[in-house]
Structure formats: C-alpha cells, structure tokens
Amino acid sequence: MTIIDGKIVAADIRKELKEKISELQSEHNKVPGLVAILVGSNPASQVYVRMKSKACDEVGIYSVVEKLPFETSEEDLLTIVQNYNSDDRFNGILVQLPLPEHINEDKIIEAISPSKDVDGFHPVNIGKLMIGQDTFESCTPAGIVELLKRYNIETKGKHVVVLGRSNIVGKPVANLLLQKKEGANAVVTVCHSAAKNLKDYTLTADILIAAIGRANFVTEDMVKDGVVIIDVGINRIDDDSRKSGYRLVGDVDFENVSKKSSYITPVPGGVGPMTIAMLLQNTYKSFLKSNNYNSV
Ligand code: GUN
C-alpha cells in the first residue's frame, strides 16, 4: 500500500511554478496577480484564504485579500467583482465560498470574468470542461487528476466511482476523468445520497473518490482489494487529546480501508494541498494567456 503524499507533490508543483514565474519576471518585469475576496468571518474560510495568500507569496504571485463585512450587499459585491474584472493587476479572482445567505452565489460566480475564474466555477468554464475544451479546471478535481498522473496510476478503462455530486468536486472530477485524454479515459459512475445499495457500486470501483463530507463513511466492507482511494473529505471530529478539541478526518475510514488499498490519500496531507497548488497553476495559466506569453 502506498500513501499518496499530496504535500510533496504540491510542494514540487509550487517549486516548478516559482521557477517559471521568476524567469518570466526577469524577462518581462511582470508577475501574476490573484485577488481573494472574503465576505464575513467564517473561520474555515479565513484559514483557507490565508493559506492561499501565503502560497501565492511563496511562488511569487502578487496577492491581495479583499476582506468585506458580512453585511456587504449583493449589489456591492457585484460591483467589486466587476472592478477586479477590469483591473489588469489581477489575472485571477476568487470569491471564497460559502457566501452569506443574503447573497446569491450563482450570481456572483457568473459575474466573474470567465478569463479570470481561476477556481473554474463559472458556467462557461464548467461547460468547457465538460466538453473537453481547454479551460480553468476546478482546483480540487484538477488536483486529483494530477495526483493520479504523478503516481502513474492507470485510469484508462478503469472503473472510477465518485461519491458525491457537488458542483465543485463530484460533477467536475467525473467529467474530467471521463474525457478521452491521457490521464483520464475512465468509465465513471457518480453515486449520491439517493443511491440504493451503495456497496453494489463501490465494490466494483478500481478507483474510489469520496467527496460527500461525512466522517469515516467509507468502510472496508465497501471496497475491493487493490482499490485506489482518493479521499476529498475534510471533517472535524471531537478529540479530547488535542489542544483544539478536534481533529480532521476524511470521508474514508483510513485505518481499515488502507489495508485493502493499493494507493490511498491521507487526510490531511492528501488532496487538500493539491487544491491550492492548482489554484496557483490556474493563476499562472491566466497570466500567460492574458499577456500572450509562452510557457517557459
Ligand atoms: N470553498 C470551499 N472550497 C473552495 C474553493 O476551492 N474555492 C472557493 N472560492 N471557495 C471554496
């Protein structure tokens, strides 16, 4: 059994990006820019945005965090997004989700210029991803595909079972792995909360991607020997032995499922770090495209 180390792969990607950005900077005296918009003070969102901004600093991407009060109106947020659409300093705009309930998330995502939508959430980019066109791929799905590639895990003709149909993980990762392309070309089944006899599906999975947000949901009786496990879940469970009073676990019962797996991602340290690495990569890609630079 091999533990897929997302921390190491993400660090490799950041290093590669840092070198490319530095080369372009010395050639053109310009660096990519990313703005992260955070509305309110959701503690998890604050942590994610801080991590994203720190990662930008590390690779040489200019980053700004636009912190807005919880009470910000939908109209004001739309205006702010539109201003960033026409601000050439920024090649990427991300609006951290979830947004407060009085703001329509779909409306905000649709206001982001598709050419700066480095999260890959805009319907135009999701549509392109679905039909196999070059686009900003949503970061977590792209990170999963990248991990499989870098560990030389065959996907062609394999049965991938995805648990969860969210717009930011389940649906896009299913579509990415379905494409007739290198690193994809899989037979994909998407399961969700209405599935009956879930085990009938999961037991046939060569690769199981769990993205449902329920701690330790996937148990050893649900998988076959040699399965590849990609665990996207990040769930807090009480743990009195920790200073924080909790610890993070995935959607998979790691201890027991790992015994049957050929490869498995841990939580934390598996898919999570890849999401940020892909965000940086998308920002770099947007920078190249908007300046008509070739990749170095
Ligand atoms: N909330 C949870 N995951 C994400 C993400 O990848 N991007 C944004 N913008 N918000 C999120």
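Counting convention: from 1, in listed order, for ligands and their atoms alike.
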Residues K181 and E137 bridged, charged N to O under 4.0 Å: no
Sub-4.0 Å atoms of ligand 1 with respect to non-hydrogen atoms of K52: 5 (C), 7 (N), 8 (C)
Carboxylate-amine/guanidinium contact D239 R247, below 4.0 Å: yes
Sub-4.0 Å atoms of ligand 1 with respect to non-hydrogen atoms of V95: 8 (C), 9 (N)
Which residue and heavy atom of the protein sit nearest atom 3 (N) of ligand 1, plus the separation: I168 CD1, 4.0 Å
Polar atom proximity, F121 to ligand 1 (N or O, under 3.5 Å): no
Exceeds 12 heavy-atom contacts within 6.0 angstrom, atom NZ of K224: yes
Side-chain H-bond candidate by donor/acceptor type, N91 with T283, under 3.5 Å: no
Heavy atom of the protein closest to atom 4 (C) of ligand 1 (residue, atom name, distance): Q96 NE2, 4.0 Å
Y293 and H28 aromatic ring geometry - parallel, tilted or perpendicular at 30°/60° bounds: parallel
Subset of ligand 1 atoms that lie under 4.0 Å from at least one heavy atom of L94: 9 (N)
Whether F90 and Y62 hold their rings parallel, tilted or perpendicular, with breakpoints at 30° and 60°: parallel
Protein residue, atom and distance nearest to atom 8 (C) of ligand 1, heavy-atom basis: D119 OD2, 3.4 Å
Region of T140 engaging ligand 1 - heavy atom pairs below 4.0 Å: neither
Check ion pair E74-K107 (N to O, under 4.0 angstrom): yes
Selection from N42, I112, L97 by shortest heavy-atom distance to atom 2 (C) of ligand 1: L97
